[in-house]
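Report on the following structure.
Just so you know, ligand 1 is whichever comes first in the structure, and atom 1 is the first atom listed for that ligand. Quick caveat, the model's predicted, so the values are computed rather than measured.
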Amino acid sequence: MKVTRFAPSPTGTLHIGGVRTALFNYIYAKQNKGKFLIRVEDTDRERSTLAYEENILKNLALLGLTPDASPVRQSERTELYLKAANKIVEEGKGYYCECSPERLQSLREKQQSKGLKPAYDGKCRDLSLEAGTGRVLRLKTPEEGEVIFHDLVRGEMVFQNSELDDLILLRSDQTPTYHLCNVVDDFEQGVTTVIRGEDHLSNTPRQIHIQNALGYTSLEYAHLPLVLGKDKKRLSKRDSATSLDEYIDLGYLPSAILNMLARLGWSKGDQEIFYLEDLIKNFRVQEVQKAGAIFDLTKLNWINGQHLARFETSEFINHLKPYCIANNIDLESRANFMDIVSAMRSSSDTLDAIAKDLHPYFNEVASYDEKALDKFVKDTSLLNNLKNKLEDLSSWNEEVLDAMLAEVQSTLGLSTPQINQPIRIALTGSTKSPSLGLTLSLFTKEEALERIDALINYLDQ
Ligand code: GLU
C-alpha cells in the first residue's frame, strides 16, 4: 500500500503551488488504494501560526483533498525526534560539535572567497565530544560514495557524498532541525512516497543519509517542477495571485483550479477538462514534464468557464449566491431571477465577474460606460424614437421585441450595434448583455422605459 503526505509549513496561506503538490499526493494515494496524509511542519515557531494552519486545512477540505487520518503537528512530536537523535548518538552515527558561529562564519567566507561551496569541514567529527551547552548534533555523513535514488518524474538521480557536509540534526538549544523531523515523521507515519516541489531535491540525499543512519526503509520520490510565472521565474505576486483564497474570492471553482493545476506540465491527448475522479483514473505523475510549468491565467479562465457551463441552473445559482451577496445583489428581489441568471451565466468566466455583470439587473444603473457612449450614442434621437416604439407595444416578450427592433433597424438602415448598443447601455450601463430582445424582456416595460429616459436625461445634461 502506498502512503503519501502533504507537509505544509504554516508560514503563509495555502499557495497555488502547494495545492498542486497536495493534489498529486492525493491522486497517487487514491490510484494505489493507499492513504493520503497531512503533516503540519510547524517547527519554525517564529514564522508558523495557527491561523495559517487553519487556512491551509480549511482550503484543502474545500478542494476535496481530504486526508485519510487526522493531520499531525510536528510541534507536538518533539519526543519522537529526540529519541531518534539519541539512537544516532548511541550508535556512533552522529557527533556533537562545538564550533562557534564565528568559526563557521569565517570558514564559509574563506570557502566562498576561493569559489568553493560552503560546507562544514568536520573539525569536531572525531573528537567524541559529549552533549553540552552550545553544542549541536551533526550526522556523520559518509565521505565517499554516492546516493542514488529513482525519481518518478526525473528518473535516476545521483549525488556525490563528497558534496554533502555533516548536517545538523539538533540545534545548540537541542531542538530538532527540519531534516530530522521530516525523516522521522515519514517513517513514523508509514509514508512510502514523497511527492514535493523540486526546490526540495537537494534535501533528498541528505535526508536519505538520516534514514540510513536510523535504519529506515527507503522511500519513493517525485520532485515536481515549480509553477512559474510568465518570466519563467517561480510564480510570485508579480505575475498573478498566488494564494488559493484569492482565486476562490474571484470566483474560480475548486474543481477548475485542480483541473488547471493538473494540466500544468501534463496532458492526455487533447482532453482539457478533468475532474478529480478523471485525474485519479488518467493522471500519471511519471508523465509530468521535467521543465517548469508556466501558469496561464487565460487557460484557467477558460477551464473555469467550462466547469461553470456544466452546472444545472439551480446548482449554478447555489455557487453564484455568495458572490451576489458580496456584490449587493439580492437575487430573490426579482421574480424572474432564474431567467436573468440563465441569460447572463456565461457573461464572464468567474463567479465574481458574473455577479458584477448581473448588478444592473438587480440595482439601478450606477454609471454608464463612457467609452461605449462615445462610440455608440451620438445623440438622443434614436433613443427617443425607440422609446416611442416600445411604448406602443401591446405585449412584452422576447419575440415581439426582436420583431420590433428588426423593423426599426431596416426602416432606418442601421447596423445591429447601432440600434442595439444604445439600448443596452441604457438598460445595463454597458454593452455587456445578451441579445437585445432577451435583455429587454428581462425588465418590465416600465423599467425599460424608465432606464431609457434616464439615459436621455443624462445625455441632455
Ligand atoms: N514543509 C516543507 C514545505 O512546506 C515540505 C517538506 C516535504 O514535503 O518534505 O516546503
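A donor and an acceptor atom, one from each side chain of T141 and H209, are nowhere located under 3.5 Å apart. For the 3.5 Å distance criterion, the side chains of H307 and N304 fail to qualify, holding no donor opposite an acceptor.
Taking atom 10 (O) of ligand 1 as the reference point, the nearest protein heavy-atom neighbour is H200 NE2, 2.8 Å. Ranking protein heavy atoms by distance to atom 5 (C) of ligand 1, first place goes to A7 O, 3.3 Å. Distance from atom 6 (C) of ligand 1 to its nearest protein heavy atom, with residue and atom name: Y178 OH, 3.2 Å.
Exactly one of R39, R5, K35 qualifies for a side-chain hydrogen bond (donor to acceptor under 3.5 Å, both in side chains) with Q189. That residue is R39.
Two rings, from Y221 and H150, have their centers 6.0 Å or more apart.
For N182, every heavy-atom contact with ligand 1 shorter than 4.0 Å involves the side chain, none the backbone. Contacts between F6 and ligand 1, counted as non-hydrogen atom pairs separated by less than 4.0 Å, are absent for every part of the residue.
Residue P8 has no N or O atom closer than 3.5 Å to an N or O atom of ligand 1. For a threshold of 3.5 Å applied to N or O pairs, the pair formed by E41 and ligand 1 contains at least one separation below that value.
Using a 4.0 angstrom heavy-atom cutoff, R5 counts as in contact with ligand 1.
No donor-acceptor pair under 3.5 Å is formed between the side chain of D166 and the backbone N or O of G122. Not one N or O on the side chain of N55 forms a donor-acceptor pair closer than 3.5 Å with the backbone of A51.
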